[in-house]
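To find a chain, count down the sequence lines: A is the first, B the second, and so on, and within it residues start at 1.
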Amino acid sequence: MAAIAQERYEDSYLYRLRHSAAHLMAQALTELYPGIKLAIGPPIENGFYYDVDSPVVIREEDLAKIEARMKELSKLDQRIVRMEAPDREAAKKLILEETTLGQGPEVAEYKLLLLEAVPDGETISFYDQQRTDREGKFHRFLDLCRGPHVDSTKEIKHFKLMNLAGAYWRGDAKNKQLTRIYGTAFETKEELETHLHNLEEARKRDHRILGRELGLFMFSPRVGPGLPLWLPKGAVLRDTMVTFLKEEQLKRGYEPVVTPSIASIKLYEKSGHIIAYRDKMFPFMEDEERETYILKPMNCPFHIEIYASQMRSYRDLPVRYAEFGTVHRYEQSGEVTGILRARGFTQDDAHLFVTKDQLIDEFIGVVDLMKTVLDKLGLKDFRARVGTKDPLSDKYVGHDENWVAATEAIEKACQTMGVDYFVSPGDAAFYGPKLDLIIKDALGRDWQMGTVQVDYNLPERFELEYIGEDSKPHRPIMIHRAPFGSLERMIGLLTEQYAGAFPLWLAPVQIAILPIADRHAEYAAELKVRFRDEFKLRVHLDDRRETLGKKIRDTQMQKVPYMVIIGDRDIEQGTVGVRSREEGDLGAMSLDAFIERVKSEL
RNA sequence: GCCGAUGUAGCUCAGUGGUAGAGCAGCUGUUUCGUAAACAGCAGGUCGCGGGUUCGAUUCCCUUCAUCGGCUCCA
């Protein structure tokens, strides 16, 4: 690949511009909301934000007012000047005396905390927005900041405040929730408009909208939030994906298993989920007279029971149990997002029980399967994340030495497979480190998709064993893996990636037959049977009494890959009029030629 | 769960302190058509649910539920 030296976003003018726009917004906020406490205001991927602690509630309708004041402040052509504090004490003095603009030391609350967090030896810098008014009076807006910034507020011309959100101080839910104001800024008006236009376009690709329009899935308030109902077309899509993966897994030595949706609480006491996962579980099925049952949030304990049901020899390993297992997790109400984040979903789950010596190879095998899956689905834009333990959290189970060994195994497998990855502390499962595939949705949000997790802990808890060559019992290692992650999330994401125009092999309806007039319906119906039974294609016959133009329009909006139009000429000559979703009218061709074309694309 | 916003017909959206409209979809009839919306008529809504203010609430207020954006958390 050509090595074009590309400027990092962090080093770009745009990045500085957005950072300065955040400061400009802070200045406007300070004027409009006396007593407001500024926290942090960095540039981000598509703009910037500033977190503030406001004495009055800031509402969406206030954004226009803030924006208007920013425009005025921009035009004042304030010089943006970097200042460095010689030491911590001087910095503190500046914060208290200059950044507060006479509003009292309490407005500097967060800035003082930020100052404490600056490591020793690092330069403490401030950025000042300065101007002298007509009377010769000097004005400033000073903010503790690493920078860098643009030279004048005049440069900040093309910006827009986007939305409001609550955001916890330092990203910790235990801390106070601040008000975050998001904005975006660009160098030119055209770029800003293009960005806003792209956002509009992205909304049209939203899987929740397309899911309804294309008849894939729905939600019902009588069923409950986050519990999708799969409609016929969505169910076909699921089946298609399941069939594909089952075939791949069969080639790779997986064995199918099937397990129930609920289990006795004893199973989860044994697995440790009851402690680590309780707040994510649906309410327990409790009854004084009977045993308590739990709706399963995970499949692993069931597969473990199957493994543990008999003596295992080292000759049996690796054992690979696969199940499309439907699980239910009580996600917090604010985090349910269509089928990307549902409360009931089906994992393409499997658990591999391996010896220590097999771990790397098996892990490599899983990574290879994932590559195959991503390739088949046409997903190219993903990142691989190695999730490791957060050293500050106590939510994890298991011995440290196992965590270290498992993490090393994952990294080694990635290196062997040539997978580019990044390490992310705190993103491990509670029972072990993992490799996750991260993909962005239409709105640019990251989603964790496929996952591979090494687990030394559950075999320990369940006292799993196999008899080794030495005739002695040994503990197997488990690998949890789900190449899709879940059918729901993967289908939601694919819907957005393809804007609903699924590739031929996945499309719920592959071919629509459109008879032109009633007299062509009988022939069209025969053709439908042939497409379905002889050529094994998913076909829909549109025999409504509508004009051809109407049928074409409706079919196109349903994103069906091929339309086959049947009129007098076709019946006489044994042809079909073909229209492709992407290429439009392809004219008449023989049925054989059309089938050949379709087959070649599958 | 938390912060902000939204909730009117199946969908997209108007609208008002005096109990509601449009387009598309649906139904009926006419049209039988060659590559992105034929024509006409009809029907369809406890204005998310509950409470309050008021002579009167879909409209104002409160509560609650759901949804959307974000935070936190996750496949």
Side-chain angles (χ1 to χ4, degrees), chain A residues 49 51 54 57-63 162-182 203 206 208-209 212-213 218-221 224-226 277 279-280 297-298 327 329-343 345-349 387 395 426-427 429-430 434 436-439 443 445-451 453 480 482-490 492-493 514-521 545-557 563-570 577-580 584-588:
Chain A
Y49 68 78
D51 282 351
S54 173
V57 178
I58 299 174
R59 296 178 190 283
E60 233 143 75
E61 61 193 27
D62 300 327
L63 294 183
M162 305 299 289
N163 48 356
L164 284 169
Y168 300 106
W169 168 241
R170 289 200 162 125
D172 190 333
K174 290 190 211 73
N175 291 339
K176 180 163 186 183
Q177 192 164 49
L178 309 174
T179 303
R180 176 169 297 178
I181 307 174
Y182 283 97
R203 286 195 189 100
D206 190 314
R208 290 165 295 198
I209 293 168
R212 185 184 58 240
E213 287 176 355
M218 59 169 280
F219 292 90
S220 161
Y277 221 74
D279 60 341
K280 297 294 287 282
M298 295 185 164
V327 297
R329 298 181 184 174
Y330 199 84
E331 303 291 350
Q332 294 185 70
S333 58
E335 56 194 18
V336 172
T337 304
I339 53 170
L340 288 180
R341 185 81 178 266
R343 281 181 169 169
F345 59 96
T346 302
Q347 295 179 305
D348 53 331
D349 214 354
K395 70 171 180 175
D427 275 321
F430 78 88
K434 56 181 186 166
D436 295 318
L437 294 175
I438 314 291
I439 305 185
L443 294 175
R445 298 177 291 204
D446 278 342
W447 293 95
Q448 179 183 319
M449 310 301 293
T451 181
Q453 311 176 357
H480 309 241
F484 296 151
S486 74
L487 286 168
E488 283 73 12
R489 186 168 283 182
M490 186 53 90
L493 220 115
L514 314 185
I516 292 171
D518 284 352
R519 64 179 178 279
H520 311 124
R545 291 181 49 136
E546 293 285 356
T547 58
L548 180 62
K550 171 72 166 166
K551 290 181 184 182
I552 288 173
R553 178 181 159 83
D554 288 349
T555 310
Q556 186 72 29
M557 294 206 300
M563 296 177 221
V564 161
I565 292 151
I566 302 299
D568 292 332
R569 293 203 303 265
D570 300 293
V578 178
R579 187 183 171 93
S580 136
D585 188 4
L586 299 177

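- For B:C71, one of the phosphate oxygens OP1 or OP2 lies less than 4.0 angstrom from a side-chain nitrogen or oxygen of A:Tyr182.
- The gap from the C1' atom of B:G1 to that of B:C60 amounts to 30 Å, rounded to the nearest Å.
- Comparing B:A9 with B:G45, their C1' atoms sit 5 Å apart, to the nearest whole Å.
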Protein heavy-atom contacts under 4.0 Å, written 5' to 3' over nucleotides 34-43 of chain B as B (base), S (sugar-phosphate only) or - (none), form the string BBBBB-----

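- Nucleotides B:G26 and B:C65 are separated by 29 Å at their C1' atoms, to the nearest Å.
- Contact annotation for A:Glu213: no contact, since no heavy-atom pair falls under 4.0 Å across all strands.
- For the P atom pair drawn from B:C47 and B:G7, the interatomic distance equals 15 Å after rounding to whole Å.
- Across B:U67 and B:U12, the matching P atoms stand 15 Å from one another, rounded to whole Å.
- In this structure, A:Tyr168 has no ring pair (Phe, Tyr, Trp, His ring centres under 6.0 Å) partners at least two apart in sequence or on a different chain.
- Separating the P atom of B:G51 from that of B:U64 is a span of 15 Å, rounded to the nearest Å.
- Among the heavy atoms of the strands lying under 4.0 Å from A:Ala173 are primed sugar atoms or P, OP1, OP2 only; no base atom is included.
- Residue A:Thr451 places no side-chain N or O under 4.0 Å from the OP1 or OP2 atom of B:A75.
- Looking at the side chain of A:Lys434, the nearest of the listed nucleotides B:A75, B:G69, B:A5 is B:A75.
- Between the P atoms of B:G10 and B:U19, the separation comes to 22 Å (whole Å).
- In the set B:C74, B:G70, B:G4, B:G70 carries the atom at the smallest distance from any side-chain atom of A:Arg445.
- Each of A:Gly226 and A:Phe484 was assigned the nucleotide of RNA chain B with the nearest heavy atom; the assignment lying further toward the 5' end belongs to A:Gly226.
- No contact: A:Thr179 has no heavy atom under 4.0 Å from any strand.
- When rounded to the nearest whole Å, the span between CG of A:Leu443 and C1' of B:G69 equals 9 Å.
- Nucleotide B:C74 holds its C1' atom 10 Å from the CD1 atom of A:Ile438, rounded to whole Å.
- Rounded to whole Å, atom P of B:A66 lies 16 Å from atom CZ of A:Arg208.
- In this structure, A:Arg212 reaches the sugar-phosphate backbone alone: every heavy-atom distance under 4.0 Å involves primed, P, OP1 or OP2 atoms, never a base.
- Base pairing in RNA chain B gives the following stems of 3 or more Watson-Crick or G-U pairs, range against range and under 3.5 Å: B:1-7 with B:65-71, B:10-13 with B:21-24, B:26-30 with B:38-42, B:50-52 with B:60-62.
- For B:G1, the base has no donor-acceptor partner in the side chain of A:Tyr330 [N/O atoms by modelled type, under 3.5 angstrom].
- For A:Gln347 and B:A75, the shortest distance from a side-chain N or O to OP1 or OP2 is not below 4.0 Å.
- In terms of position on RNA chain B, the residue among A:Ala167 and A:Val57 whose nearest nucleotide sits closer to the 5' end is A:Val57.
- Rounded to the nearest 0.5 Å, atoms CZ (A:Arg208) and CD (A:Glu213) are 13.0 Å apart.
- Looking at heavy-atom distances under 4.0 Å, A:Leu514 makes no contact with the nucleic acid at all.
- The CG-P distance, from A:Leu164 to B:C3, rounds to 13 Å in whole Å.
- If you check every strand for non-hydrogen atoms under 4.0 Å, A:Pro221 touches nothing.
- Within 4.0 Å of A:Arg489, counting heavy atoms only, lies at least one base atom of the nucleic acid.
- Between the NZ atom of A:Lys176 and the P atom of B:C3 there is a distance of 12 Å, rounded to whole Å.
- Rounded to an integer number of Å, the gap from A:Trp447 CH2 to B:G70 C1' is 12 Å.
- Although no hydrogens or angles enter the test, the distance criterion places a donor-acceptor pair under 3.5 Å between the side chain of A:Glu488 and the main chain of A:Thr346.
- Summarising the geometry, atom CZ belonging to A:Arg489 is positioned 6.5 Å from atom CD belonging to A:Gln448; distances are rounded to the nearest 0.5 Å.
- For the atom pair A:Asp554 CG and A:Met563 CE, the distance stands at 9.5 Å (nearest 0.5 Å).
- For A:Lys280, whose side chain is taken as the heavy atoms from C-beta onward, the closest listed nucleotide among B:A66, B:C74, B:G69 is B:C74.
- Two residues are said to be in side-chain contact when any heavy atoms from C-beta on lie closer than 4.5 Å; A:Ser486 and A:Arg341 fail this criterion.
- Rounding to the nearest 0.5 Å gives a distance of 9.5 Å between CG of A:Asp206 and CZ of A:Arg212.
- When rounded to the nearest whole Å, the span between CG of A:Asp518 and C1' of B:U30 equals 13 Å.
- Using a 4.0 Å heavy-atom cutoff across all strands shown, A:Gln332 reaches at least one base atom of the nucleic acid.
- On the P atoms, B:U16 is 16 Å away from B:U58, given to the nearest whole Å.
- As judged by a 4.0 angstrom heavy-atom cut-off over every strand, A:Val336 is placed among residues touching the sugar-phosphate backbone only.
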